Structures are given as C-alpha cells and as structure tokens.
A.B. asks: 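Let me give you the structure first, and then I'll get to my questions.
On a predicted model such as this, the values are computed, not experimentally measured, just so you know. Here is how names work: the chains are called A, B, and so on, in the same order as the sequence lines, proteins then strands, and each is numbered from 1.
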Amino acid sequence: MRIPCPHCGERDYSEFRYGGDASKQRPAHGSGDIKAWHDFYFLFDNPKGPHAEYWQHVLGCRRWFVLTRNTATNEVGGPA
Amino acid sequence: MLERRSALAGTKEIASSRVRLGEVRGFTLTQVAALDDPVLSDIRAVLGDLPQHPFCGEKDGRRIFHTAPHQFWIVGPEADDIGRRLEGMAIVTGLSHSRTRIFVEGPAAPDVLAKVIEIDLHEAVFGPGMFAMTGLHHTPILLHRVTASRFEIYAMRTFAANAWDWLADAALEFV
Amino acid sequence: MSNRYSALALARHALDPDLSWPRAWRSPDPQRSYDVVIVGGGGHGLATAHYLAKNHGIRRVAVLERAYIGSGNVGRNTTLIRSNYMMGGNTNFFEFSLKLWEGLSHELNFNCMVSQRGQIVLAVSPVQLDVYARRGNIMRLNGIDAELLDRGEVMKLLPYLDYSDEARWPIWGGILQRRAGTVRHDAVAWGYARAADSAGVDIIENCEVTGFTIEGGQVTGVETSRGRIAAGKVGIAVAGHSSQVAALAGLRLPVESHILQAFVTEPVKPIVDHVVSWGAELFYLSQSDKGGLVFGGHIDGFNTYTQRGQFAKIRGVAECAVSLMPFISRLRLLRHWGGIQDMTPDGSPFICRTPIRNLYLNGGWCYQGFKATPASGWTFAHTIAHDEEHDLNRCYTLDRFEKGGELDEYGTGNWTYKQ
Amino acid sequence: MTRFHRRPEGGHIDRARQVSFTLNGRSYSGFAGDTLASALLANDVTLIGRSFKYHRPRGLVSAGVEEPNALFTLGSGARTEPNIPGTIVDLVDGLEARTQNAWPSVGFDLMAVNQLAAPLFQSGFYYKTFMGPAKGSWMFYEPFIRRAAGLGAATRAFDPDRYETRHQHCDVLVVGAGAAGLAAAISAGRSGARVFLAEQDALLGGGLLAEPAMESWRQARLAELQAMPNVQMATRCTAMGLYDDNLVVLVERRDHARPDASKGQPRQVSISLRAKAIVFATGAIERPLVFGDNDRPGIMLASAVRTYLNRFAIVPGRRAVVATNNDTAYPLAAELAAAGVAVMLVDSRPTTAAVAPGVNVLADSSVATVAGRGHIQQVTLSGAHRATFDCDVLAVSGGWSPTLHLTSHTGIKPRYDAAIAAFVPGGFAKTHFGAGAVMGTFGLRAAIIEGAKAGVEAAGAAGFATSDGAMTTIQGNDPTYAITVAPPVLSGKGKAFLDFQSDVTAKDVKIAHQEGYQSVEHLKRYTTLGMGTDQGKTSNVNALAAMSELRGMQIPAVGTTTFRPPYTGVAMGAIAGRGIGKHFRPTRLSPLHDWHRANGATFIEAGPWLRVYYYAWAGDTVATAYVKEMELVRRGVGLSDVSTLGKIDVQGPDAAEFLNRVYVNGFAKLPVGKARYGVMLNDDGVVLDDGTTTRISETQFYLTTTTAQAGEVMSWLEFLLQTQWRDLRVHVTSLTDEWAGMALAGPKSREALQLAFPGVDVSNHGLPYMGCLEFDYEGAQIRLLRLSFSGELAYEIHLPADYSIPLWEHILRVAAPLGIKPYGLEALASLRIEKGHVAGLELDHRNTLDDLGLGKMAAKEKPFVGKELRMRENLQAPDRWSLVGLELLEPGKSLRGGAILFAATDEIKGHGRGYITSVTWSVELQKTIALGLYQGGLKNVGAEIICAFPLKDEFVRARIVSPHFVDPKGERLNA
C-alpha cells in the first residue's frame, strides 16, 4: 500500500504509523465527561468503506496527517 | 578542548572501483523551525530564499534541507554560528551530534542503496541535488543525492553503526 | 444404516463400493421461525448451535452463513490451541476450552486431529523470562500444566534454532505447555456442523443477514437474503465483521477490523515437532500433519476488510522465521493469505448480552478465536439459553471499558492496532 | 529398447557443452540448455517418482512450473532442497538429484502396498477414523501419518547461501516473455517508458520456444528489445505476487551461475517492483484428460511433448497417440509425423480440424483405458473407434487454463468463458492490461497484435502518451480454436486422476459431493485437491467440471477457487533477504558503546539497545558483579551510562502549558533551572510513562522519558500538538541521539564532580537537589542535573554525544583517587529497587497512578490527559493491587520475579493477591528484597505473605514493607 505524505510524497505504508479513526471528536481537554471520553476512546464505527484515519510519517518528516482510505479496497483518497 | 568522537570512529572506509563507503565528519547540523509564516520570512532574512522539499539548497557553504513543514535542517561547517544568529526569532535546536553522515559513492552506489532503500533512485526521478527523508533498515534517514554517483546519508547516531554494517554488507558483492 | 464414523464403517465402505456415505449435514431451506438464530456459520456459531442442542435441549436452531460454513477465520488460522493465560477470567476460560478440545473428536465422532504436541514460548531476555514465569506460575496454581525451561533445556528440545552469536536476540529460556498443540481447523467446523445437524439444527448456507427486526428494544427476527426469519433469540458470531452486523442492530462496538496473515510452506517430512513461539517479535510456527510449516506474526496494523496482506509484513514474518530457524531459508513458501479479525482495545473478546434484549454477541476475538472455539460455543450457548453470562465468560462483557475492567493479557495497553 | 531419444540437431540446447549430473547417485549427461527433466527424458528415464498416497509409478506430465509429478530432492548436506520440479531446474554440472516418496526405489517401491488398501484412503478417510480407543488416541496415530505425509525431506542445517532484496520502480511491467509479452515490451518501450520484462523461464520466448517456425521472429524481437536502453529484461525471474498499489514481488534465481556467498553473491534476489502499469502476458497452462489410469508414465500433456520435441530435440519413441478435445494438439501430431513417429490423433469431437500428411485421425473418439504399469504401452479407445493401439507416449490435451493467478491476487474474480471452456481474468484495474493466452487468445498472430496494443495502452496509463503499436507479425490467419469438453469419467475401473500430486481421483470428488462438501473450498479442503506444491495448476478446472457435472450446474455456478500468492513456491530466504541473523532488527548503540566494549563490559539486549549488563572489574558473572557495583555506589561513587533515556526538546511560548496538560502534576510554575519528576497517563487513565523534565528557560524544557517508552512518548506529544492542540505554540524535537547521559552516583559523587569540573559550584547551595546547571566545559555544552535514581547523592551529566567518551574518561581519570568505577544496567536497576523507584516492569500499561503509589502526584484542580478515564470504577477500587516492598524471611531461599503472592492464611491456588515484579540483593540491608504489586498495597505493611513459584516448587515467606528500602526520608539525596 502507498500512502501520500503531505510533505514527503507517496511512500510505502511501512514508513508510517497508523493512528486510528480520525473522524472521532476528541472531547475538550478537561471536559470531565467520563461517558464522552469512553465513547471517544473505546468505540469505533469501523466502517467497511471510506475511513478517515491518522497516520504519522515516522521514517520521514514525522508529520501526523489525516488520510482517507477505503477499508474495503485499501484504495487511498476520496471523500470521507 | 574535548575531541569529538564519531559513532563510526572504529570503522574503516571501504573502497573499490565500483563503490566507496565512508563518513563525512566535522559539520554542524542546526534545526530551525517556525511556528508560523511571519517567522519564516524572518528566517529568509538571514538565510535568503529557502529551498522547497525535495531540493537541497546550497548557499555560503551550507546545505539547507526542508525536512518538514516550517522546519529546515542547516548543514554547515564545523564552526557555524548560524544557530546563534537565528535564536530568538525561530525555534533552534542543535543536532550536530544526533546524525552521522555516511557517503556511498561510485557507479554501483545506487545498486547498493536499492537493496535497502525503498524510494525510486532513478536519476530522472531522484536526481543530483534532491533529498528524501526515508527509511534504512527500519530507521529514519535523510538521503541526499549530491551527484549522480554520490549519496550522503544522515543516519541517527545511535543507529549509525547498524546502518554502516548494513551498507557494508550490501556493498560486499561490489567490493 | 448407522452414520457413525469408525474404522469399521470405513472398512465396510471400502469393501462395498455401492455403499455411500450420507451428507455430513443437510442443506435445508430456512423455516419461518426458530427459537434461536445464530448469525455466522463459523467455528463459534456452529459450536454454539451444537451446545444449545446438547447442553440446553434447544433444537429449533438455525445457523445462517453468508457463504459456505467455515469460510471465515476457522479455516484461515494457524490451528494453535493452548491455555497459557494469566489474567483472571482468561485463565479458566481457555483451560476449559483446552479440556473440551481434548475430548472433541469423541464428542463429535469426527476426527479433528487434536495434536497435543506441546507449545514452547521462547524468552529473549531475563526480564521476559520473569514475565513468562508469572504466567506459568498462574497456570500451575490453576491446575494447568506449565514448565519453565532454561536455555540448555530449550536447546535439547529445539536443536535447530539459531543459538549462535549471529542471533540478534539470544534465547534465555522458555515456557512449555505440553498439552498445547494444534487441531485440523476445517474439521472443527465440519465436525460441529455434522453434530449440530444430527441434533436437528438447520445449517443454512448462502444466506446473508441483512437486518434485524427489533420491537420495543427486543430482537424478534432477522432479515436475510432468503427472506425474513423470526427468532426468539439471536446470537451474533461473525468475528471479523462484528461491527458490520452489529451496526444492522444499531450497535457501536469497541472493535476495529484488522488483517492477520498466515503462511504455509511446501510439505516436508517431520522436522518441527512442537508449536514454537518467539518473544522477540510475535511469531509462532508449527508443522501440519500434511508436512507444511504453518506460521504467522502480528496484524498488519491498520484497519481493513481486504483479505490481502501488505508485503512489508510478509517480509517481516519471513525474517522472523529464518532468523529463529535458519533451515527454513531453503524451504519454499507455498501460500499466504489473510483473515479479518475483530481487534478490541484490550485484546480480549466479547461473549455477552447486548443493550438489545434477546440479542447476544460473540466476537472481538483478536488472535485467539480458534483456540477458544469450544469454550466460546459452550458459554455463548449458556448465555443465550439463560439470558446471562456464565462464570466463565462473565468478564467478556461489552461494558467492561466503562468500568475500567480491561483484560489486557499482554500488557500492550488499550490500542486496537497495537494488541 | 529406448523410447525417448535425442535428435542429432535442433532445439535450444548447446550440444558443444555437455553437462553431467546424477540421479539417485547414478551419473547421466545432458547439454547446457537442458532442464533436469529434459535431460532425464533424453536419457529415456521416464519413471521418476511415486505418487503421494497410493505410491503409483509416475512420470513427467509437463515441461513447466505446473509439473505435479516430477519432484526431486536436489543437492546434499546444508544445500538439500526437497520437492523441486525437474522441469524448472537448469541442468548444471554436478547437479545431484534424488527421487522422492519411494522405498527402496521408484522402480520397486514397497510402499506400493498402499495401493491394495486404496479403497480405505478415499477422500476424508482420516476424519472418520483414528479416534479410538480412547480420548487423545490421535497422539498414537499421528506420528505414522506425519511420516507417511510430507513429500521430500528437508535438512535442519543452516542455509549457507545468501539472499538479497532489491527495490525497483518502473513505468510498465510486462509479466511473461512469450509472443504477447515480447510485443507488449517493444511497443511500451518505444514510448520511452521504463519497461521491465520478467520471464520465469531461462529463455525469453515462452511458447515460441516450441514453435520452430517462429524462431526468426523471436530473434528479431529480442534484437529490437536489446536495442532499447529503457527496457530491462530479466529471465529466471518469477512474479510471485501482486500486492496493493501495483507492488509486484519478483524472485530472480541465480543457482545456474554458482553464486559465492562469501563474495556477497546472492543465490536469489527478491525484487519489490513498483510499476505504474502492468501487462499480464502470463500465457496458459494445458489440462490433462480425465480417464482411468491417466497417470501412467508416458502420458504427457501435448504441449509438453511438443516442448521436449522442439525446444529440447527429444523424440518420444516410435509410436505416439495424441488425444485431444481441441485444436491445439494438431501441430504436435504433424511435427511428430515429420520426425518419423507413427502418430494416431484421437479427437473426442465429431468433426476434426485439417491434419498434416502422415497423421491418422480418429474423430469422435476418446481414450477409454490404457495398458502398461511402469510405462504406457497401449491405448484403448471408446466412441466411434473402439480400437486398441500400441504406443510409447500418449500426448493429451484437455484444453487450456489461462494463467490468471497474478491478475486475481488483488481480489478480481475470474470469469468463465464457455467458448474456450476456461476462466479468464474477470476484469482489470485502470493500470492493468492483459494480452495473449491469459486472455483466452490462443492464436499467435492475435496474441502478438493484442500484446502490441496492451503495451501501448500500458505506456499510456503510465503517462507516456505517444507510442507505436505497429508490430511485425506473421502471415496468414491463426487457426481457429475450438474445444468441446466431454464430461469427465467419474466411475469405471482404473483410477481417473484429477490432481496427480495429491492423488485425488474423480471418485474422491464424487464422495465429497455425496457427503455435502460441494462448495469449491469444501471440495479442496476435504479432498486436498489443489493443495500440493503445484497448487492445482493442472487440476482445478477438471475438478470444477467434475463437481459441476455432479451438481448439475454450470461451472461458473459452482465457482472458482481464489488464487493465493505466491504463484510458484518461493524460498523463504529470498523473501527475508538480509534482514536475518544479526541484521534481523536494527541494533541501537549508546555513544559510549565503544568505550564499554574496550573496557570489559558484558552487554545485554534491552529492546533495540545493547546496554552494559555489568563490567569485568566487578566479577565474571552478573550474579556476583552487580552486587559489587551496587556497593560501589552505596559506599563510594560510580559512573553509569544512561544515554538510552528518551530526551526531548520542548520549545515555544506555550511549552509550559503543554507539559502542564500531558503530565498529571503541575509544570506551569516550575522555575527556570529546576527539574521535576513527572508522570504521564494515556487517555484511558493508565500510566504511560515517567521521567524528569527540566526548565531550561521560560520557553524551553528538557524532557526525559524511560528508555522503553521514548518512541511512544515522542509520537504521542507530536500527535497532540499536530492534530489536537494546534493552538499551542510548541515544537518538539527528539534529542535522544544528540545528547549522551551519564549518572554519577554515590556519597562521593560531589567530590568527583568537583574534581571533574573545578570552578563549577556544585555545593548543596550551588546545585541543590533537583537543580540544574548549564555550563561549557572544554568546548562542550554540559547540562548537569542533580537527581537520583538510586537514592544516593547523585547527578546526571548530559552533553552532546560526540564528547561523551572523552568526558567519561576524564571523570574516571580525575576521580580515580575516590575509587570511582563504571557500573552497569543490573546494578542500576537493582539500586532503583532499593529506592522503590518504579520502572519498566511496573509500567506495564495495566497500572494506575495509585497502583504505583503515585496517586498523590495527580493535580486536584488542573486538567490533564487521562484525568477523566482514570476515575473509572475498577481503576479506583480500594483493593487493587498496588506497589509494595518485600523482604525475604527465609534466608538461603530466594525471591523470584514472576512469583505469585498469597496471604499467609490463603489456600495456595488461583490468581493470588499479587506478584513480584523485581528482585535484588540489598547491599544496604544485606538481604533479598523485592518490589511487587499486592492487593490493598501498603495497608498490609508488616504482613507476612507467601511468594509462590510453583514452576520451581518454591513457596517462600516474605514480609510486606515500604518499597523505599533506602533512605526513606530522602536525607542522602538532599545532603
């Protein structure tokens, strides 16, 4: 699989680190709402299809970015 | 004065008609980062035009690499005051000891690198003056193509011996 | 004539060419309604149906399978069984499962080739050996066999590993569970199917569930590609696709789907007599009865439903194999494939009720679905029959994360993609 | 009398270069250009193996990778290699081959008794028996089954050869160098695109190598290609698999060149080739016919007989029968006749194609039975002509199966084309193209034109718009291709084999069907059909035909099996390449490593790092050495390498606010020049890491992490700054490689410092506990921190890595009068146990702040990462296992890491109330002590407990005490 790093360009997936579902909204720092934090941290839509997700180019520029990938085909790009 | 001691102090240069493997010592590596665009123009005031990835800029005996958005590596001579000159205006981090600079040279250099480096090394794609941040045996490196047949690798110091062993082994069939 | 399998019956059939074996399981059309509908004709679903009939006398049961039975992970795994778990809840569940394995061929009258050849987990540092010792001690304290091996003892048992100075990580010792081993994976699906079928369970292949009928917070049936089927209770056992099916009932799960790859070499004469696992990096290998070396490693590490692995991971696993057992270098890889599995934040499964009445979930199996199959079916059947978890699966509930009840066996932390 | 013999001239072999080899120790000779198989055939060796289950005599079936029977064990000693098809082995001088699966010999195989019991071995038999008498009886039968199975024997010796990997990129990859592939490579090459032409065979040409009439065309095309610098051609180079985003992995074999590992020459190279576009010109594989005893030696695929005749110049005896259901076998009949062989062509179709003079044709007839055990002697026909003929070879063609394996690796299902009775690619991705037989195009002319077109299209897809598809082709039209597949014979006497290698017969399929194993996957798994080393290349379609017959369905309705990589077996070594042995994973070295190695250090692996376990000065085993090293620190002064700690530069106007958010304790008000111990949680409220962070200036911090979590923490901080808290003006950079660190510890450490840095005020006033001094020493920037991991008066000296060895040597030299010595990891870890500092074993992603006795650190007011979820019910339970110290109460016995803890009154079973994490001998207390987690923690101080280690049958009494064994009030580190 090839992943387009916004800074370095397209590279093999092995240069990156996966960071999970990027569509989930992290509760505000110190929100204090345990339920919100539980749902954010432990629950996943896990869609079969377009998926917005975090990746970090750890062997490159170390940027974290959001990638849209179709989990049914591994095709990168397209609307989330 | 304390003597600098390289991570590869114990290694010997490898040389054959097809490939040479060695280390470049005595340089200063300064990382300068800007938290926003205005700061970038301050930096330009000091360094002049900043090169855009993937092209390495060469100016006043310094090489400048655009290593990340709003972040540059400046490789200068052993005694380089560029860091001090930039301090205060941008976020400056000295990294001179953090990277070990290995060169791979000769007609077989691309063949040696292609054994372990994933990016396309074809001259039309990755030509002289270009660089890439990529991986060498699971570790991050900055790969700079200085000329058609000379590459310089900036490897993490603590992984430098590993990178050297790997490259020396890869070069074996050309030595 | 009797459908019982035995050497005698086999001989009878050999002598009389006109004698033909009956179907291992029927191919019925779905009835209008069942007491229990199990979604998913994999190992867990079929085992559940078997135990619903056998242990609870519930025979009006349908197992609905989207494709053919055993088409999921029961036919894609590396066939290992073991019970070397240390966390309260896991230890007894997986030991119960191993005990069921030990009697399974007899219970099902189907030879599942349960081979207790022993598993050795190799430690690559003194600290890791301590961690393994903790697990081994817990096993012993719960009546499970475990032996601590030093380097010398490992060398005697596995003389073909790399003990040279070339090895990146030296082998310090290991832990051996003699009762661990392998099982012929397809036979598990077929054996459970045959047993369940003979008890009256309808196994319906090529029947995809497309929805649930839910009235007043209670499930009353399923919509399928072969029409609506009413059900008193519905159990979901589709690990790998749990999120997809649960979503049809409006449920959101602590699950991400990841691919785990598996590998087999060409068949060779017996050369590896144990299950060997390595602590340097997740890697496990055994030799099938057919002679192929079957092995696997970590998940690829990002969620996907494609059953194709990434080559970088394939190379990583090959590096493990050759580094640990250098002789493998000359053997040829025959086939590699992938299976999609539910990864949960803590690496532990779900066998439990759901927020919807009479709808039950069995999933989240991560790496350990196959070895759990018998206990999973047994406890899931109990949970469905009694509408409450059995002591053995009480810790495998959906709400454990709300309570901080994580069951992180390997101390990897709450990351689906790092388990 | 000999049957097969070599013609005096012709073929792609070099008669000037004779090659000698051995089979089962007996010497034979062949020519350069031969394969092992062709050389054996030329020597009239036709019986080359025994079948897997029934041990029936077997001979060559094919001339390619699809060969199911002719498997040999090659080489000897560490180079032994089982199960290699002789059809793909270049004949080289001294090649050693052995037949397999027969004892004592393939000619006389005692195991052939299996044939008597054959009816027992029908498909699935082992699922029905070997269960009795008792539970676990399988363990008794299994060894026999295992020994009987397994084809050839491998060696346990380490592979002495070398394997390489290579990464490559191209615009157009052409897989297969037959007529279509050559044309595609040329037309793509003309566009200027970077073209890679991969051919698994030793020669370029594919089927053309068996087409004498095409030789001049082939030569001309090769010349064209050689003239193109942008075209790279690789032979003996098999595309094993197609992966996401056009990654094709190719394996190049170099055995024929006798590579020398000591010179770095690889035996095989696996190439990860990333192509912008791909042309699949992979050809097709011929299928056998299904009839009784269709596995007899001398029964070969028509295409194989043709290849041996034309490429290897081998005449198959005097009398040949060619049996076919399609047109492709006709040229063979003509060529055999021309070679002086009496040919009888048997066509199952009512009407036959035109035939050459000298060929007798019988239409509407098929092979019913054959005679001859060790080699075929007679063929008896059914249908229109129920005659019997003597023959030396029976060439069969059951039609062709396009080689679409690669095209389906990324999930595209094949489509059944009834017109050619075969599966073809079910479709292509944008950048994929097909040409020739793989598309079902069996005519040469059409294949060439299709290839040229595919080359142009592929170049276009790769961004090379203008290309020239004009291609020299051949005159006249292709012969039409027609095929009529007769339903396979499912009963009748004599075994009708579908899968030769796995010994699966038509009857086995019938049984599978009866028992309900009717889906293709069930059929394969139940009968093991297609599961052999040939992966069913010749058997899949015939088996599908049989099952569709039984189910009364069309083949497409029965389905096809999914093709898994690799296309053909690939040596594991080639996939692994050089990432093995000491290069398995990168090794990370401290900047002080060279000094350690030169000064008697014993190293130990700690994750990627090599760290000093202990030094020779203290002893020659760790057990004695670490105690000496501890004493050194407790009583004098020692120096230790802590460069592996994670170090992070945190800079920016909001740096303080940032740290204040990620640490559970406050950092906003940390004064410049002061260090503070901090703990981070993960979002789930579980402890992530701890470390000491120093404020260098208002806007700059020097953060340290544990060695183990350095990477995690760095990534985590970057994640928060780059994706969640983009409003914070902070930049982080790893300094782990830039800075070295050394711990100077012991009551005499301050004196040592004074000697090392005269003129720097390191008095308690000048550098108080948790203070930091920055100064320049001999050109090196020094960061001197006063903090202690051991509980002694101690300091950490951080400085740029290249200066670390000189400074280390300087300190050891000037402080020598104080008796200073270096100490290693075991002592370091043991000293921290005495002090009750948590480390790796306690920070295991399961424990909370309170579990580690750090609950008091959590800020009440300010928010911090993990503050919410750490409050979850079970994480706050009062009886959680938490950190305690333990003292051994039974001198002479031992505490061990991993021991399970029980209260004195407990029954010793179950999961206990806790466990021991770390153990050491305390030089301070002169007794064995430990850290562990125990239910209720320090509420139990003073309690006597049992430490159970049943793995060694040890049950030892210990007392729960405070984990702070040394200087609990901290007087030493504040002194």
A.B. asks: Looking at Ser96(B), is its backbone amide N or carbonyl O close enough to the side chain of Glu738(D) to form a donor-acceptor pair, meaning the two atoms are under 3.5 Å apart?
C.D. replies: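 Looks like yes, one N/O pair under 3.5 Å.
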
A.B. asks: I'd like to know if the side chain of Gln651(D) reaches the main chain of Val92(B), judged simply by a donor and an acceptor atom lying under 3.5 Å from each other, with no hydrogens or angles considered.
C.D. replies: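 It does hold such a pair.
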
A.B. asks: Hey, are the side chains of Asp802(D) and Arg157(B) touching, using non-hydrogen atoms and a 4.5 Å cut-off?
C.D. replies: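 Result yes, sub-4.5 Å side-chain heavy-atom pair found.
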
A.B. asks: Which class fits the ring pair His97(B) and Tyr803(D): parallel under 30°, tilted 30 to 60°, perpendicular over 60°?
C.D. replies: tilted

A.B. asks: Verify the distance criterion only: is there a donor paired with an acceptor across the side chains of Thr733(D) and Gln31(B) at less than 3.5 Å?
C.D. replies: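 There is such a pair between these side chains.
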
A.B. asks: Considering only NZ, NE, NH1 and NH2 on the basic side and carboxylate oxygens on the acidic side, decide whether Asp36(B) and Arg729(D) come within less than 4.0 Å.
C.D. replies: yes

A.B. asks: Measuring heavy-atom distances to chain B, does Val730(D) have an atom under 4.5 Å in its side chain, in its backbone, in both, or in neither?
C.D. replies: backbone

A.B. asks: Would you call His122(B) and Arg194(D) a side-chain contact if the rule is heavy atoms closer than 4.5 Å?
C.D. replies: yes

A.B. asks: Within the 4.5 Å heavy-atom criterion, are Arg578(D) and Lys115(B) side-chain neighbours or not?
C.D. replies: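 Side chain of Arg578(D) against side chain of Lys115(B), heavy atoms only: no contact under 4.5 Å found.
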
A.B. asks: Can you measure from CG (Asp169(B)) to CD (Glu164(D)) and round to the nearest 0.5 angstrom?
C.D. replies: 7.0 Å

A.B. asks: Check whether Asp120(B) reaches the backbone of His169(D) with its side chain - one donor and one acceptor, N or O, closer than 3.5 Å.
C.D. replies: no

A.B. asks: Is the closest side-chain heavy-atom distance between Arg588(D) and Met156(B) below 4.5 Å?
C.D. replies: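 Yes, close enough: below the 4.5 Å cut-off.
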
A.B. asks: Under 4.0 Å between a side-chain nitrogen and a carboxylate oxygen: does that hold for Arg5(B) and Asp594(D)?
C.D. replies: yes

